[in-house]
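Here's the structure, in structure tokens; my notes come after.
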2 protein chains.
Amino acid sequence: MTACSVRLQIFLQLQAVNKELCSKFESCLGASTSRVEILHYLLQHEEVSQSALQKEVNIDAAAVTRHLKQLEAAGTIVRYKKADDQRATWVKLEEEAKRHIEQSYQEKSQFVKETFAGFSEEELEQFLKMLSKVSVNVSHVTKNQFGGETK
Amino acid sequence: MTACSVRLQIFLQLQAVNKELCSKFESCLGASTSRVEILHYLLQHEEVSQSALQKEVNIDAAAVTRHLKQLEAAGTIVRYKKADDQRATWVKLEEEAKRHIEQSYQEKSQFVKETFAGFSEEELEQFLKMLSKVSVNVSHVTKNQFGGETK
DNA sequence: TATCAATTATTGATGCATCAATTATTTGAA
DNA sequence: TTCAAATAATTGATGCATCAATAATTGATA
């Protein structure tokens, strides 16, 4: 309350907002943000290897494998290997599923629109810049700036 | 890539940044942001009931219970009941642990400082306002704005 | 006073992400 | 050619958060 700097508030608020955002998103769309991102990436790319997908959605390879196995079991996607490389697995949406996912794409757009209601385009640009700046800053933080002596 | 609106980018970036932030924080401080928030709250409040603490740190009561049990087992905190209400459990730091946590408080401050390096005070204020606005917007989103017909 | 509702904490089941270890395959260099 | 290193995916162990159900206690009321 008292000595709580603006920086600290932002730090906490960032996490709080993100949590609310993901939670509400999931209850609205019926799937986690990760799951939805995977599906929307597939909607826009026809065919992709797991490792490429993993880099795009930025979650752990193990998590990707588990998502895709579930989606395959549900009949949403197909997975297959190609002759030239038996290591890589390729993924694509079932035709059947595309329509349903197109609809959820609309819902996501609407959700995102609501989320940033009342922001001017200028503010949005600035928001994005700030987030990117934080990202750069964080990536430059190194462990040994802290704790110092390993007493 | 192509039809990717600024709003959508922010939406994704917000989650990405938060993930990096928490991950780096944990590797620097050696404990999750939740855990550290709990400890720092206790450092500043001497004694608190679990339910009050739970509201402060904004995580599920079940998660709080589990954190506190671990901290108790580690000898970092004590938990006890009071005569006037046998339901509530009160929590306080062990004297022994306070010094160590004070140090981690410094580390957290340093981390937060690094995170927002290069931001002017004005920008910080604006950042906070934006986050708050998003929070308000999200809280107003209702499930039935979406999907519409439950076909 | 007996009972019902609210409060508080806990537990169990579940979901999702991470890391580390493992397996299979491919590539490249000696 | 052969073998080591790189690449890709998977599995198991673990951590942490959530929800739902349960237990214990307290307060209110009829």
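Throughout, a chain's letter reflects where its sequence line sits, starting with A, and its residues are numbered from 1.
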Q | A:Trp90 CH2 - D:dA8 P separation (whole Å) | A |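 The answer, rounded to whole Å, is 10 Å.
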Q: Give the rounded distance in Å between these two atoms: CD of A:Gln54 and P of D:dT7.
A: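 So the two atoms are 14 Å apart, to the nearest Å.
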Filtered N/O pairs between nucleotides 24-27 of chain D and protein, under 3.5 Å:
residue: D:dT26; atom: OP1; partner: B:Gln86; partner atom: N; Å: 2.8

Q: Any chance you could measure A:Ile38, atom CD1, to A:Ser32, atom OG, to the nearest 0.5 Å?
A: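 The distance works out to 7.5 Å.
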Going by atom types only, do [X] and [Y] share a side-chain donor-acceptor pair under 3.5 Å?
| X | Y | result |
| --- | --- | --- |
| B:Gln13 | A:Ser135 | no |
| A:Gln126 | A:Glu122 | no |
| A:Gln54 | A:Gln50 | no |

Q.
Looking at A:Gln86 and A:Lys82, would you say the former's side chain and the latter's main chain have a donor-acceptor pair under 3.5 Å?
A.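 Answer holds: yes.
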Q | Contacting residues from residues 57-64 of chain B, given that a heavy atom lies under 4.0 angstrom of DNA chain D | A |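 B:Ile59, B:Asp60, B:Ala62, B:Ala63 - these, ordered by number, are the residues of the stretch whose heavy atoms sit under 4.0 Å from the strand.
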Would you indicate what [X] reaches in the nucleic acid, counting non-hydrogen atoms under 4.0 angstrom: base, sugar-phosphate, or nothing?
| X | value |
| --- | --- |
| A:Arg35 | nothing |
| B:Thr65 | base |
| B:Ser34 | sugar-phosphate |

Show me the donor-acceptor pairs within less than 3.5 Å that the side chains of residues 56-66 of chain B make with the rest of the protein, sequence neighbours left out.
residue: B:Asp60; atom: OD2; partner: B:Ala62; partner atom: N; Å: 2.8
residue: B:Thr65; atom: OG1; partner: B:Ala61; partner atom: O; Å: 3.2

Inspect the contact between [Y] and [X] and indicate whether a charged nitrogen and a carboxylate oxygen are less than 4.0 angstrom apart.
| X | Y | result |
| --- | --- | --- |
| A:Glu102 | A:Arg99 | no |
| B:Arg7 | A:Glu114 | no |
| A:Lys69 | A:Glu72 | no |

Q. If you find the nucleotide of DNA chain C closest to B:Arg66 and the one closest to B:Lys55, which residue's nucleotide is nearer the 5' end?
A.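 The residue whose closest nucleotide sits nearer the 5' end is B:Lys55.
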Q: Nearest-nucleotide wise, let me know which of A:Ser32 and B:Ala52 is further upstream toward the 5' end of DNA chain C.
A: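 With B:Ala52 and A:Ser32 compared, the 5'-side residue is B:Ala52.
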Q) What pairs of residues pass the ring pair (Phe, Tyr, Trp, His ring centres under 6.0 Å) test when at least one of them lies in residues 46-80 of chain A, not counting sequence neighbours? A)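 Output for this query is empty, none listed.
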Q.
Can you give me the first and the last nucleotide of DNA chain C (5' to 3') that has an atom within less than 4.0 angstrom of a non-hydrogen atom in chain A?
A.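 Listed 5' to 3', the contact boundaries are C:dA17 to C:dT26.
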Q. Who pairs with B:Ala31 by side-chain contact (heavy atoms from CB on, under 4.5 Å), at least two apart in sequence or on another chain?
A.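 With sequence neighbours excluded, B:Ala31 shows a side-chain contact (heavy atoms from CB on, under 4.5 Å) to B:Arg35, B:Val36, given in chain and number order.
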Q.
Quick check: on DNA chain D, is the nucleotide nearest A:Lys19 upstream (toward 5') of the one nearest A:Lys69, or the reverse? Name the residue that is more 5'.
A.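 Nearest-nucleotide comparison on DNA chain D picks A:Lys69.
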